[in-house]
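Naming convention: chains lettered A, B, ... in sequence-line order (proteins, then strands); numbering from 1 in each chain. Note that the coordinates shown come from a computational prediction; the quantities given were computed from them, not determined experimentally.
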Amino acid sequence: MSKRARTLDSFFSAPVTKKSRLPTPSIAQRETDAATVNSQLPQGTADTDVSKHPTYPLAIPYLPSGIRDILNFAPAAEPRALNDQPDLDLLYYQPYIPKEIQRDLYDFLRRELFFYRVKYNIKRGPVETQINTPRFTTVFGLDHLSRFDPEGLVVDASTGRPVPKDVYKCSPRPIPQCLDLLRTLTENATGCKFNFALVNYYASGSDSISYHSDDERFLGPEPAIASFTLGAKRDFLMKHKPTPEAHPSETKPLKLSLASGDMVLMKGLTQSRWLHSIPKRKGGEADKGRINITFRRAMVRGGTENYYRYNVGDGEVYRWDEDRREMRPWKDDQ
DNA sequence: AATACTACATTTCC
DNA sequence: AGGAAATGTAGTAT
């Protein structure tokens with residue numbers, strides 16, 4: 001019908017020149033589009049185009065051309081290798097995102113993406129406790145065993161046949177164009193492959209993530225994870241995992257002060273042998289908002305289930321409120 | 001894929 | 001230089 005026709009129109013007209021100051025589609029229109037039309041169109045160029053999918057609560061605008069043009073100059077710096085300690089294998093780009101677009105990209109993503117504040121239960125022994133994730137999260141992507149067909153349907157990666165809907169408990173969402181451009185760019189610069197984009201928003205210094213490693217059951221051995229910072233500077237702490245031996249490992253904890261535009265590529269044995277965290281911080285720049293984007297490659301369906309469980313969950317949608325300058329629960333009738 | 005709180009020690013800030 | 005604030009660490013509760 002008309003919405004499908006409009007999508008095809010924008011596809012066929014996308015490559016030609018377009019005004020750069022056309023208005024962004026209204027929230028109401030984006031919601032309608034996202035609920036009715038699939039995406040994974042060829043990556044167009046018009047500033048009015050949007051990424052749509054039935055799993056999106058609302059459509060996500062394409063990256064504005066002004067940002068996209070400058071992004072093609074990334075990485076803005078050569079990486080520094082951090083591998084002077086046992087099992088440590090990092091590339092540190094300071095920065096990766098060119099300075100001229102760091103602020104615009106941060107503002108764009110905070111304004112246009114939707115986030116969640118996930119709650120979940122863990123049980124340790126007999127006691128079950130509820131965890132309130134101390135950060136805003138969202139995720140897009142699908143593991144190596146599946147892909148989205150051009151209609152946005154989840155199909156088997158090798159046969160191309162539809163994956164029965166009870167294979168995944170979650171509802172996988174394609175990576176929107178604005179993040180997929182950065183994903184491709186990062187693949188080309190690093191030689192690594194990624195099929196997931198996780199986005200965290202640390203609203204203040206009281207948002208954090210405690211020490212953890214990214215689970216190799218989902219990512220395979222020696223996984224590569226690219227982690228971007230936009231917005232406020234935050235400390236990134238790393239420490240070697242405790243070793244079985246009684247004697248202390250000959251490694252010392254590492255502190256990286258991640259600034260806007262920076263990218264850290266964790267690879268080799270880093271995930272299996274080291275822990276990392278973003279600790280709470282008081283005052284100064286670290287008490288302002290920070291967006292973190294990580295790209296990774298999930299190898300198995302369990303990875304997809306896990307990432308949606310802990311980064312989307314089943315709670316309400318949050319969106320950035322520019323007037324109140326904070327994330328607020330988003331009601332779809334507002 | 002834990003996080004929050006407390007107490008106390010140590011470091012950094014201004 | 002020195003008091004305040006922030007941070008680090010260990011233990012505990014949920």
Side-chain angles (χ1 to χ4, degrees), chain A residues 115-143 168-170 172 194-228 232-243 246 248-249 251-258 264 266-267 269-288 290-315:
Chain A
F115 292 88
Y116 305 87
R117 198 84 181 185
V118 176
K119 299 173 198 254
Y120 59 97
N121 296 311
I122 59 171
K123 38 183 183 290
R124 307 190 330 150
V127 286
E128 180 158 290
T129 68
Q130 184 176 72
I131 303 297
N132 297 308
T133 305
R135 58 196 173 276
F136 293 91
T137 56
T138 198
V139 67
F140 304 92
L142 195 49
D143 61 83
Y168 291 103
K169 281 177 288 194
C170 60
F194 308 109
N195 55 23
F196 262 91
L198 278 69
V199 185
N200 297 300
Y201 177 67
Y202 298 84
S204 74
S206 55
D207 276 353
S208 64
I209 188 165
S210 45
Y211 272 114
H212 70 285
S213 295
D214 295 288
D215 199 324
E216 300 195 2
R217 288 177 302 169
F218 308 138
L219 305 173
E222 303 196 12
I225 298 180
S227 176
F228 287 86
K233 189 180 299 180
R234 288 293 291 265
D235 285 340
F236 180 73
L237 307 186
M238 299 189 70
K239 65 180 182 186
H240 199 272
K241 290 182 183 178
T243 53
S249 122
T251 61
K252 57 183 186 196
L254 200 60
K255 181 191 295 190
L256 303 183
S257 181
L258 300 183
V264 173
M266 295 180 274
K267 57 195 184 80
L269 295 175
T270 303
Q271 289 307 326
S272 58
R273 305 280 176 84
W274 288 73
L275 301 166
H276 54 273
S277 76
I278 300 283
K280 296 187 189 319
R281 285 290 183 258
K282 294 182 176 179
E285 179 182 350
D287 220 347
K288 306 226 178 342
R290 169 181 182 261
I291 287 175
N292 168 244
I293 305 162
T294 66
F295 295 111
R296 63 193 63 204
R297 186 173 190 229
M299 302 304 299
V300 297
R301 297 201 158 114
T304 298
E305 301 284 11
N306 186 274
Y307 290 141
Y308 284 93
R309 171 74 190 90
Y310 292 103
N311 295 282
V312 175
D314 52 14

Checklist entry - Can you check side chain to side chain contact (heavy atoms under 4.5 Å, CB included) on A:Arg273 and A:His240, steps first, answer last? => result CA-CA 6 Å; A:Arg273 305 280 176 84; A:His240 199 272; 3.8 Å; yes
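- Between A:Tyr307 and A:Phe218, the ring planes lie perpendicular to each other; the angle is over 60°, past the 30° to 60° tilted range.
- A:Arg309 comes within 4.0 angstrom of nothing in the nucleic acid, heavy atoms only.
- In the set C:dT14, B:dA1, C:dT7, the nucleotide with an atom closest to the side chain of A:His212 is B:dA1.
- Across the protein-nucleic acid pair, A:Asn200 atom CG and B:dA1 atom P stand 16 Å apart, rounded to whole Å.
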Checklist entry - Hey, mind stepping through A:Tyr116 and A:Thr133 against side chain to side chain contact (heavy atoms under 4.5 Å, CB included) and telling me if it holds? => result CA-CA 9 Å; A:Tyr116 305 87; A:Thr133 305; over 6 Å; no
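- Checking C:dA6, B:dA1, B:dA2 against the side-chain heavy atoms of A:Asn311 singles out B:dA1 as nearest.
- Taking the centre and axis of the six-membered ring of A:Tyr211, the NZ or CZ atom of A:Lys239 falls inside the cone set by 45° and 6.0 Å.
- Contact annotation for A:Lys123: no contact, since no heavy-atom pair falls under 4.0 Å across all strands.
- Look at NZ on A:Lys119: it is 18 Å from P on B:dA2, rounded to the nearest Å.
- Proximity of A:Arg281 to the phosphate of C:dT7: a side-chain N or O atom is located under 4.0 Å from OP1 or OP2.
- Under the 4.0 Å criterion applied to side-chain N and carboxylate O atoms, A:Lys282 and A:Asp287 are not assigned as salt-bridge partners.
- In this structure, A:Asp287 places its CG atom 12 Å from C1' of C:dA6, rounding to the nearest Å.
- The separation between A:His276 atom NE2 and B:dA2 atom C1' is 14 Å, rounded to whole Å.
- Atom CD1 of A:Ile122 is separated from atom C1' of C:dT14 by 9 Å (rounded to the nearest Å).
- When each of C:dT14, B:dA4, B:dA1 is scored by its nearest atom to the side-chain atoms of A:Arg124, the top-ranked nucleotide is C:dT14.
- The residue among A:Leu198 and A:Ser206 whose nearest nucleotide of DNA chain B is located toward the 5' end is A:Leu198.
- As rounded to whole Å, 19 Å separates atom P of B:dA1 from atom CG of A:Asn292.
- Under the 4.0 Å criterion applied to side-chain N and carboxylate O atoms, A:Arg117 and A:Asp207 are assigned as salt-bridge partners.
- Listed by first residue number, the stems of DNA chain B with at least three Watson-Crick or G-U pairs below 3.5 Å are B:2-14 with C:2-14.
- One finds a salt bridge joining A:Arg296 and A:Asp214 here, because a Lys/Arg side-chain nitrogen approaches an Asp/Glu carboxylate oxygen to under 4.0 Å.
- Per the geometry, OH belonging to A:Tyr211 stands 8 Å off P belonging to C:dG8, to the nearest Å.
- Residue A:Lys255 has its side chain nearest to C:dG8 when only C:dG8, B:dA4, B:dA2 are considered.
- A distance of about 16 Å separates the C1' atoms of C:dA1 and B:dT11, rounded to the whole Å.
- Of the residues near DNA chain B, A:Lys280 and A:Asp215, the one whose nearest nucleotide (by heavy atom distance) lies more toward the 5' end is A:Asp215.
- Of the candidates B:dA4, B:dA1, B:dA2, B:dA4 carries the atom nearest the A:Pro134 side chain, counting heavy atoms from C-beta on.
- Between A:Ile209 atom CD1 and B:dA2 atom C1' there is a gap of 10 Å when expressed in whole angstrom units.
- Proximity of A:Asn306 to A:Thr304: side-chain heavy atoms (C-beta onward) are nowhere separated by under 4.5 Å.
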